[in-house]
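Keep in mind it's a predicted model, so treat the numbers as computed, not measured. The sequence lines fix the lettering, A, B, ..., with proteins before strands; numbering per chain opens at 1.
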Protein chains: 2
Amino acid sequence: MQNVGLIDSKEAATLLTLPWSVIHVPRQKDILRIGASPEYLYFIEDGWAARYSIRRDGSRRITGFMLPGDSCSIHAIAREPLDHAIMAVTDCEVARIPVDLVIAAAAESPAFSVALWRSKLIDEATLRVWLTNSKDALWSVAHLICELHARLDAIGEVSDGAFVLPATQEQIGDALNLTPVHVNRMLKKLRSAGLIQVRDFKAFIPDLQALQTACAFSPSYLHLGVSTPSRH
Amino acid sequence: MQNVGLIDSKEAATLLTLPWSVIHVPRQKDILRIGASPEYLYFIEDGWAARYSIRRDGSRRITGFMLPGDSCSIHAIAREPLDHAIMAVTDCEVARIPVDLVIAAAAESPAFSVALWRSKLIDEATLRVWLTNSKDALWSVAHLICELHARLDAIGEVSDGAFVLPATQEQIGDALNLTPVHVNRMLKKLRSAGLIQVRDFKAFIPDLQALQTACAFSPSYLHLGVSTPSRH
DNA sequence: CGTGCGATTGATTGTCTTCAATAATGGTGG
DNA sequence: CCACCATTATTGAAGACAATCAATCGCACG
């Protein structure tokens, strides 16, 4: 397990001492179904995943993306069935740790317990930001790209402002409550403005500062800590 | 402290053994400001409060309502500064418990710790439902009324389908990302449809089943457990 | 008795959706 | 190897929904 998404590496080390196994989930398949009561804590090792709910009319709302190092099912600690599903956006390698062991580790180490809390608070803060941002289509697209850029940068997957963006425009729309048609137009507009170039599932941000200013993005809610510099 | 919003009364009892004090916050004033690092866990004793963020353009987004028994600042357990503010929708009585004592109680009692987790998961599930519901103005207004009804019913504040709804139409709009004008029109429409009557800060639902079906409301995400029957 | 807040209604504008058609791409089976 | 198909992206035209602008009303309060 390379990356555990917990800020303090000391707490991450606790996780690494627990036994884990890896499963493979193909693109578009569910990692966890709604209503599941997972016995494991899941971590995305490689690939992208997304939380989503299905509306009565059949449409889908993505409520969060999960990138390598993110955990899916911390809620399992409370032993509640999942109220939403989690799908693989790309082919995924998913590590899993028996939840009992995580609970035991949390009981033993207050610092580890706080790290789990902090992880949940980041999820929650992100949901609030998504709610707050859902006003203007153009800038919410830009803001999402900024968020993904910041998170990918923190795990070293950004190179000179460029990164792989495996989500389809339809999935971006599902995340932002926009039609794929409108996402396409907004991306076109952002490209014309020289802020973001997206093509063939690759994104490039020529001027990060300009983009972040334009869409009022501030990465503080992600609590990424000191990230590895993006250039490599 | 009458009501602590934790499902299992045994865990609630743990809280009740901790020393607490009560502060008064007048309507429209902040209970907690953005960036605050509260030393206390706050509980709404009486009144309504709301979490909110301010956008760059000055507009406000309400990301959740807090009713009597709800806790404001569980996140304080992770000792992170608040990323959003909390305001009093009505005059509020707010109880507070030193956060150190809560942390100590959680360390001692795994069941209490799980109860805190569950509380956070409900907040998170609610945020996801708000995101998912933000598609159709009419039904999102109806859904919000249903949510508030269900939560108020669980604390015995609903009588024969009627309850006090102290939020202004502007605040409802801020919660749903709608203008107050449009909220007004949607409420008018719901009234015409015989689903909800709102007037003078009082709401009445003539046929709960019909309303819940119409807006696809299912209270499960609130984890209210066995509620007190509404008739009294 | 004015003042301010909240609710209500009308008219107009604009954003986003819907419907539709085409193009580009990659994978599959014959 | 290539024809076929599914998926994704792209663009145009029309329509729907919600925002904006603006005015009035009712009411509580000083």
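Rounded to a whole Å, the NZ atom of A:Lys188 is 10 Å from the C1' atom of D:dG12. Between B:Asn184 atom CG and D:dC17 atom P the separation is 18 Å, expressed in whole Å. Atom CH2 of B:Trp139 and atom C1' of D:dA18 are 17 Å apart (whole Å). Across the protein-nucleic acid pair, B:Lys202 atom NZ and D:dC27 atom C1' stand 13 Å apart, rounded to whole Å. Whole-Å rounding puts the B:Gln169 CD to D:dA18 P distance at 16 Å. Atom CD in A:Gln171 sits about 12 Å away from atom C1' in D:dT7, given to the nearest Å. Between the C1' atom of D:dA19 and the CG atom of B:Leu178 lies a distance of 10 Å, rounded to the nearest Å. We find that CZ of B:Arg55 is positioned 11 Å from P of D:dA19, with the value rounded to whole Å.
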Show your working on side chain to side chain donor-acceptor pair (under 3.5 Å) between B:Asp70 and B:Tyr42 and close with a plain yes or no.
CA-CA 8 Å; B:Asp70 292 334; B:Tyr42 288 72; over 6 Å; no
Are A:Arg33 and A:Met87 close enough, and set up right, to give a side-chain contact (heavy atoms from CB on, under 4.5 Å), and what steps lead you there?
CA-CA 8 Å; A:Arg33 298 243 179 91; A:Met87 62 170 286; over 6 Å; no
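Checked by atom type, the side-chain pair A:Arg128/B:His84 shows a donor-acceptor distance below 3.5 Å. Residues A:Asn133 and A:Ser140 have side chains that never bring a donor and an acceptor to within less than 3.5 angstrom of each other.
From the 5' end on, the contacts that DNA chain C makes with chain B at under 4.0 Å to a non-hydrogen atom open and close at C:dG6 to C:dA11.
Rounding to the nearest 0.5 angstrom, the gap separating the CZ atom in A:Phe204 from the OG atom in A:Ser159 is 10.0 Å.
A salt bridge links B:Asp174 to B:Arg60: one of the charged nitrogens lies within less than 4.0 Å of a carboxylate oxygen. One finds a salt bridge joining A:Asp123 and A:Arg51 here, because a Lys/Arg side-chain nitrogen approaches an Asp/Glu carboxylate oxygen to under 4.0 Å.
For B:His149 and B:Phe163, the distance between ring centers is under 6.0 angstrom.
Nearest approach of A:Pro81 to A:Gly35, heavy atoms of both residues: CB-O, 3.6 Å.
DNA chain C is contacted by both A:Arg199 and A:Val183; A:Val183 maps to the nucleotide lying nearer its 5′ end (nearest heavy atom per residue).
Axis angle, first five pairs versus last five pairs of the helix from C:dC1-D:dG30 to C:dG30-D:dC1: 40°, rounded to 10°.
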Considering only nitrogen or oxygen atoms on both sides, find all protein atoms under 3.5 Å from nucleotides 20-26 of chain D and state each distance.
from   : atom 1 : to       : atom 2 : distance (Å)
D:dT20 : O4     : B:Arg185 : NH2    : 3.2

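At a threshold of 4.0 angstrom between heavy atoms, the contacts of B:Asn177 are confined to the sugar-phosphate backbone, with no base atom among them. Contact annotation for B:Arg27: backbone-only contact, meaning every heavy-atom pair under 4.0 Å involves sugar-phosphate atoms and none involves a base.
Each of B:Glu93, B:Arg96, B:Glu45 was scored for a side chain to side chain contact (heavy atoms under 4.5 Å, CB included) with B:Ile23, with one residue passing: B:Arg96.
Taking the six-membered ring where the residue is Trp, A:His143 and A:Tyr221 present parallel rings, their angle staying beneath 30° rather than reaching 60°.
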